[in-house]
Protein chains: 4
Amino acid sequence: MAKDRSDDKFNKILNAAIHIIARKGFHNTKVKDIADKAGVASGTVYNYFSNKEDILISIMIIKLNEYVTKAKNAIEEIDDPKEKLKILIHHHFEAMQTNPELALVLQFELRQPTKDIRDKIRKYLREYFKFIEEIIKDGVEKGVFAKDLNVYFAREMFFGTLDEIVSTWVYTKKDWLLTDQTDTICGMLIKAYS
Amino acid sequence: MAKDRSDDKFNKILNAAIHIIARKGFHNTKVKDIADKAGVASGTVYNYFSNKEDILISIMIIKLNEYVTKAKNAIEEIDDPKEKLKILIHHHFEAMQTNPELALVLQFELRQPTKDIRDKIRKYLREYFKFIEEIIKDGVEKGVFAKDLNVYFAREMFFGTLDEIVSTWVYTKKDWLLTDQTDTICGMLIKAYS
Amino acid sequence: MAKDRSDDKFNKILNAAIHIIARKGFHNTKVKDIADKAGVASGTVYNYFSNKEDILISIMIIKLNEYVTKAKNAIEEIDDPKEKLKILIHHHFEAMQTNPELALVLQFELRQPTKDIRDKIRKYLREYFKFIEEIIKDGVEKGVFAKDLNVYFAREMFFGTLDEIVSTWVYTKKDWLLTDQTDTICGMLIKAYS
Amino acid sequence: MAKDRSDDKFNKILNAAIHIIARKGFHNTKVKDIADKAGVASGTVYNYFSNKEDILISIMIIKLNEYVTKAKNAIEEIDDPKEKLKILIHHHFEAMQTNPELALVLQFELRQPTKDIRDKIRKYLREYFKFIEEIIKDGVEKGVFAKDLNVYFAREMFFGTLDEIVSTWVYTKKDWLLTDQTDTICGMLIKAYS
DNA sequence: AATGAATGAGAGTTCATTCAT
DNA sequence: GATGAATGAACTCTCATTCAT
């Protein structure tokens with residue numbers, strides 16, 4: 001991981017990487033491309049990231065972390081599990097919609113590489129998964145969702161559905177807004193859980 | 001694509017590729033590895049596939065096609081849309097469960113590569129998507145599913161959910177059977193569509 | 001080590017390497033330089049040698065082996081230990097004199113690199129050392145050399161002296177012949193051993 | 001060469017370099033390694049040495065100079081050429097024995113590098129060579145050594161023998177003392193010269 | 001059709017050196 | 001003098017692909 005993030009250059013390189021990787025794909029992105037876009041020498045990249053893969057992983061870790069933190073804050077004071085789900089979906093969609101380049105990297109480029117990368121990424125996703133599961137569990141306990149709802153599969157449905165929708169959206173560069181569909185998707189999920 | 005499939009070598013190479021790619025990942029798989037496993041010279045691979053990527057795409061096309069054909073046959077004479085969904089889920093799970101190596105390649109290796117590959121693969125997936133959508137549409141028309149159900153998103157939920165479940169299953173090498181969950185998953189989906 | 005020496009290309013590359021390394025030094029020699037001189041593509045070098053270092057080590061192993069074999073043959077039928085020494089010195093000098101480029105590589109480039117290389121080379125030199133020691137020991141046993149002669153140090157003196165002379169000769173590109181000094185050097189050594 | 005030796009840092013860096021280079025070899029030694037060991041910033045190294053090679057050369061020059069000065073002093077008041085040789089051998093062995101790290105650098109690392117380095121080092125070695133030759137010449141003139149002794153080759157034998165012995169000793173990390181062999185070696189050399 | 005030796009383009013990474021502070 | 005972040009040139013090795021046999 002990055003040696004030092006306090007430095008502005010870390011973020012310059014990270015954002016340059018998102019931009020380039022979104023356009024060219026990870027395997028077609030040269031470290032020099034990223035360095036050029038970030039306005040640094042290619043050697044400088046290695047002062048902040050240990051190698052090319054580390055850049056990709058860092059994007060995931062940092063952006064996912066930012067997102068999960070925001071989502072948690074937004075839900076903190078909500079009580080109704082259905083409302084929580086809705087807000088979570090909204091945030092998920094909005095985060096992707098606001099930064100389609102990041103979305104593209106997260107939805108496609110991060111799915112690929114080596115098993116090594118996949119493992120590291122899964123580790124960070126698990127955090128998000130746990131968060132979703134807690135909301136669903138809360139709903140079950142509060143009697144809002146079916147008593148016999150399988151929380152594990154409910155979460156897989158939640159994430160799988162959102163992920164597929166975002167993937168297609170990013171892939172086809174749809175001109176509609178993800179966030180406009182929050183209610184539709186939320187409605188289907190809640191019915192599934194009831 | 002392959003020049004000639006009548007030859008047995010085509011399938012030998014294809015299956016060798018699935019085996020090796022599942023173990024090493026596409027980017028770590030050398031054409032020579034596949035050739036060795038298939039018992040042919042590496043040059044011979046190029047008599048059947050135009051390049052390394054073509055092998056990957058061929059896996060998708062051929063296996064997906066095999067699968068969709070089988071699934072269509074299985075559903076042909078069923079009338080009840082709910083039953084159709086259930087059979088489809090069962091087939092999806094069973095196909096993956098029966099050949100976990102293929103599943104691994106389809107779920108992970110095929111998600112990655114270049115945009116080029118992604119485009120070609122999407123094209124073939126669309127066939128499967130259309131098939132799912134037809135079943136759902138049929139259900140709506142027959143009044144089994146909600147009149148105002150958004151078929152597009154319903155299909156995304158269907159595929160997204162199954163895909164996520166299979167991915168996690170493959171990834172974590174779970175010791176339970178996917179097919180044992182057919183009813184659970186089918187139940188949630190049908191509720192979502194109602 | 002080389003995969004296959006039966007091929008003519010192995011020797012082409014080996015000799016090209018001696019030529020280039022003698023002129024530029026190992027660290028300034030690029031694999032492509034060697035490949036170009038040998039008239040092959042740079043990738044071809046790696047069909048015969050596992051890496052750049054392997055070329056250097058192979059030079060040592062093959063040439064030293066050639067030399068030791070020749071020297072052993074030349075001495076085989078000689079009885080007089082003094083005469084043996086003389087012939088050995090003559091052969092050592094002649095081998096170096098005949099191929100000054102090889103001499104340069106052996107005397108300088110092979111002394112340097114990593115400890116790893118040094119270890120491998122020592123291993124092969126030991127064969128030569130043993131050979132020298134046997135001759136000296138034979139002389140002691142035959143009463144030609146001093147009864148209390150320390151064979152180990154006598155051998156070090158033998159090799160050290162020849163090595164230093166050849167090194168300086170190669171280094172200064174002297175215009176005299178090493179072989180003209182065989183008698184002088186042999187005389188000093190025999191006196192030392194008496 | 002060094003800009004300024006009055007500073008203690010010069011020696012700190014020099015000794016750190018001997019330590020690191022002895023362990024890792026010149027080519028595997030990073031300037032930063034040396035700087036770290038010396039407790040300075042890597043940029044500071046360049047206030048005392050013009051570049052990495054200069055450190056290596058400086059080790060040679062300074063340590064060889066120290067050695068030659070000491071050896072000259074020790075011999076100054078001796079008259080007997082044989083005794084002089086003995087003392088010289090003793091000093092040579094002792095110097096190496098006392099600082100095996102330095103010995104390792106002098107015996108191996110300094111043999112390698114570029115021709116450029118080799119040239120500079122030879123220049124400083126020549127001083128030592130001249131010194132040895134003078135002793136031998138003195139012996140010839142005093143009738144202690146053979147009238148027709150070739151001083152040049154006698155010196156090569158002297159240095160070559162000592163050098164080989166030290167090299168093997170350093171290389172094999174022998175547990176015996178070099179200085180214990182002074183008489184043995186001196187005896188052989190004197191016989192050779194007689 | 002089959003072979004496999006030969007090809008050579010291609011890029012990640014290191015690290016000696018610089019220089020603004 | 002001291003620092004250490006930034007620089008960017010340099011190079012080995014891999015491996016998909018070709019093609020003469």
* Asked: Given that D:A41 and C:N28 both sit by DNA chain F, which one's nearest nucleotide is further toward the 5' end?
  -> D:A41

* Structure fact -> Separation of F:dC11 atom P from C:K30 atom NZ, nearest Å, is 5 Å

* Asked: Between F:dC11 atom P and C:E53 atom CD, what is the distance in whole Å?
  -> 16 Å

* In whole angstrom, what separates A:Y46's OH from F:dG4's C1'? -> 20 Å

* Charged N to carboxylate O under 4.0 angstrom, C:D36 versus C:K32? -> yes

* Structure fact -> Against the side chain of C:V31, the closest entry in E:dT17, F:dT12, E:dT3 is F:dT12

* Asked: Looking only at side-chain N and O atoms, does C:K52 come under 4.0 Å of OP1 or OP2 in F:dC11?
  -> no

* Asked: For F:dA2, does OP1 or OP2 lie under 4.0 Å from any side-chain N or O of D:Y48?
  -> yes

* Please tell me if the side chains of B:K63 and B:E66 come closer than 4.5 Å, counting only heavy atoms from C-beta onward. => yes

* To do: Would you kindly give the CG-to-P distance between A:D33 and E:dG10, to the nearest whole Å?
  => 13 Å

* Asked: Think A:K9 has a side-chain N or O under 4.0 angstrom from the OP1 or OP2 of F:dA6?
  -> yes

* State whether D:S42 places a side-chain N or O below 4.0 Å from either non-bridging phosphate oxygen (OP1 or OP2) of F:dG4. => no

* Under 4.0 Å between a side-chain N or O of D:N47 and OP1 or OP2 of F:dA2? -> yes

